[in-house]
Amino acid sequence: MQIKSLQVLPWALLTAVACVSTTVQAQAPADGFMAALATHCGQAFAGRVVANQPASATPDAFEGKALVMHVRGCDRPTQELRVPFHVGDDHSRTWVLIRTAAGLRLKHDHRHEDGTPDATTMYGGDTRDAGSVQRQSFPVDVESVALFQREGLSASLDNTWAMELEAGKRFVYELSRPGGRLFQVEFDLTTPVALPPAPWGSEP
């Protein structure tokens, strides 16, 4: 009987450890963030600029434009979500959130009206810490730095993007960089709006 107990115990212990590991993985902030955003799949929401510092000397591309996010690409909601960001009649921007082994990756898919990629596209970064279910930050990655250098966008070499989410309440997209640059758009998740057109380069 003692021999049987010794044989059974390791299997019981391994099973318990596996269950704990699965629970911890399911509760990872990255998974919670993706799951919370996925609850809005198929919905669109209006936004407004809540921070834009320092003020630009040139006309602001967002001023006076209807800002709408659309949680649209939800074929694999635990692994990838695509969220077009419409600025008036400009349907060139899509945020792409991807679950990685270490956390989350944010990429910006920019297209021309004919669907071809913009010269500055698929830039972004990976999370460097666990973040939280409510907020994830994405410092610029090396591929994006090389892209910005090639395109002469030196101001963007130290970019950090972030997203904040209170499911059913608000969503915030943020860009910041050293020197005081801060841009934030806040979307009201309490009131869905009419769905915008498909983003450029996507199927209707």
Side-chain angles (χ1 to χ4, degrees), residues 24-25 27-38 47 49 51-54 56 58 60-62 69-87 90-112 114-165 171-187 199-202:
V24 170
Q25 184 178 9
Q27 294 177 343
D31 293 318
F33 189 90
M34 291 285 279
L37 184 56
V49 175
N52 192 8
Q53 305 165 355
S56 175
T58 59
D60 191 331
F62 299 91
M69 65 175 280
H70 181 192
V71 187
R72 185 175 186 272
C74 300
D75 294 337
R76 299 181 300 142
T78 62
Q79 298 300 314
E80 180 177 312
L81 292 170
R82 299 182 68 88
V83 183
F85 172 38
H86 303 269
V87 180
D90 185 340
H91 311 297
S92 63
R93 303 170 176 85
T94 298
W95 300 319
V96 184
L97 272 173
I98 302 167
R99 181 68 163 98
T100 67
L104 292 177
R105 174 172 297 145
L106 171 64
K107 290 292 183 177
H108 298 73
D109 186 352
H110 285 198
R111 304 293 182 101
H112 295 291
D114 64 1
T116 57
D118 189 82
T120 306
T121 189
M122 298 311 289
Y123 60 85
D126 289 13
T127 55
R128 295 180 184 172
D129 54 43
S132 69
V133 174
Q134 291 78 31
R135 182 178 171 88
Q136 295 285 324
S137 296
F138 309 88
V140 64
D141 58 29
V142 293
E143 293 85 1
S144 301
V145 168
L147 172 63
F148 292 148
Q149 289 175 329
R150 188 186 73 214
E151 296 299 319
L153 302 173
S154 58
S156 300
L157 300 181
D158 295 313
N159 279 1
T160 295
W161 299 272
M163 290 180 166
E164 290 186 5
L165 173 62
F171 178 89
V172 177
Y173 169 84
E174 175 184 297
L175 163 66
S176 65
R177 66 174 68 107
R181 176 60 172 147
L182 179 64
F183 175 78
Q184 292 177 322
V185 184
E186 181 178 280
F187 298 86
W200 294 338
S202 296

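Note: hydrogens, waters and symmetry copies are ignored here, and every other heavy atom, side chains too, is used.
N52 places none of its side-chain heavy atoms less than 4.5 Å from the side chain of F62. Side-chain contact between L81 and M34: present, with at least one pair of heavy atoms (C-beta onward) separated by less than 4.5 Å. Residues T120 and H110 form no side-chain contact, since every pair of their non-hydrogen atoms from C-beta on lies 4.5 Å or further apart. Put simply, the side chain of M163 reaches to within 4.5 Å of the side chain of L97, judged on heavy atoms. Side-chain contact between Q149 and V145: present, with at least one pair of heavy atoms (C-beta onward) separated by less than 4.5 Å. Side-chain atoms of F171 and V71, non-hydrogen and from C-beta on, never get closer than 4.5 Å to each other. For the pair S176/R181, no side-chain contact is recorded, criterion being any heavy-atom separation below 4.5 Å from C-beta on. Side chains of L37 and V83 form a contact here, defined as non-hydrogen atoms less than 4.5 Å apart.
To the nearest 0.5 Å, atom CG of residue D31 and atom CG of residue L104 are 8.0 Å apart. The distance from the OG1 atom of T121 to the CD atom of E151 is 11.0 Å, given to the nearest 0.5 Å. Rounded to the nearest 0.5 Å, atoms CG (L175) and CZ (F138) are 13.0 Å apart. With values rounded to the nearest 0.5 angstrom, T94 atom OG1 is found 9.5 Å from M122 atom CE. For the atom pair T160 OG1 and L182 CG, the distance stands at 11.5 Å (nearest 0.5 Å). Distance check, rounded to the nearest 0.5 Å: CG of D129 to OG of S137 gives 7.0 Å.
Residues satisfying the side-chain hydrogen bond (donor to acceptor under 3.5 Å, both in side chains) test with D126, not counting sequence neighbours, are R105. Residues satisfying the salt bridge (Lys or Arg N to Asp or Glu O under 4.0 Å) criterion with E80, sequence neighbours excluded, are R76, R82. With sequence neighbours left out, the side-chain hydrogen bond (donor to acceptor under 3.5 Å, both in side chains) criterion links T116 to D114.
For the side chain to side chain donor-acceptor pair (under 3.5 Å) with Q184, the lone residue among E164, E174, Q53 that qualifies is E174.
Considering every non-hydrogen atom in both A162 and R135, the closest pair reads CB-NH2, 3.5 Å. Across all non-hydrogen atoms, the minimal contact from A28 to R99 is CB-NH2, 3.9 Å. When every heavy atom of L165 is checked against every heavy atom of A36, the shortest pair comes out as CD2-CB, 3.5 Å. Nearest heavy atoms, R128 versus V140: NH2-O, 3.6 Å. The two residues H112 and P117 come nearest to each other via the heavy atoms CD2-O, 3.5 Å. Of all heavy-atom pairs spanning A130 and P29, the tightest one is O-CB, 3.3 Å.
A donor-acceptor pair is defined here as one N or O able to donate and one able to accept, closer than 3.5 Å; such a pair exists between the side chain of R111 and the backbone of G115. With hydrogens and angles ignored, the 3.5 Å screen pairs no side-chain donor or acceptor of S156 with any backbone N or O of N159.
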Test side chain to side chain contact (heavy atoms under 4.5 Å, CB included) applied to H70 and F85, step by step: CA-CA 7 Å; H70 181 192; F85 172 38; over 6 Å; no
List the steps, then state whether side chain to side chain contact (heavy atoms under 4.5 Å, CB included) holds for V96 with L106. CA-CA 6 Å; V96 184; L106 171 64; 6.0 Å; no
What's the verdict on ring pair (Phe, Tyr, Trp, His ring centres under 6.0 Å) for F187 and Y173, showing C-alpha distance, side-chain angles and the deciding distance? CA-CA 8 Å; F187 298 86; Y173 169 84; 8.4 Å; no
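W161 and Y123 have tilted rings, their planes meeting at an angle from 30° to 60° on a 0 to 90° scale.
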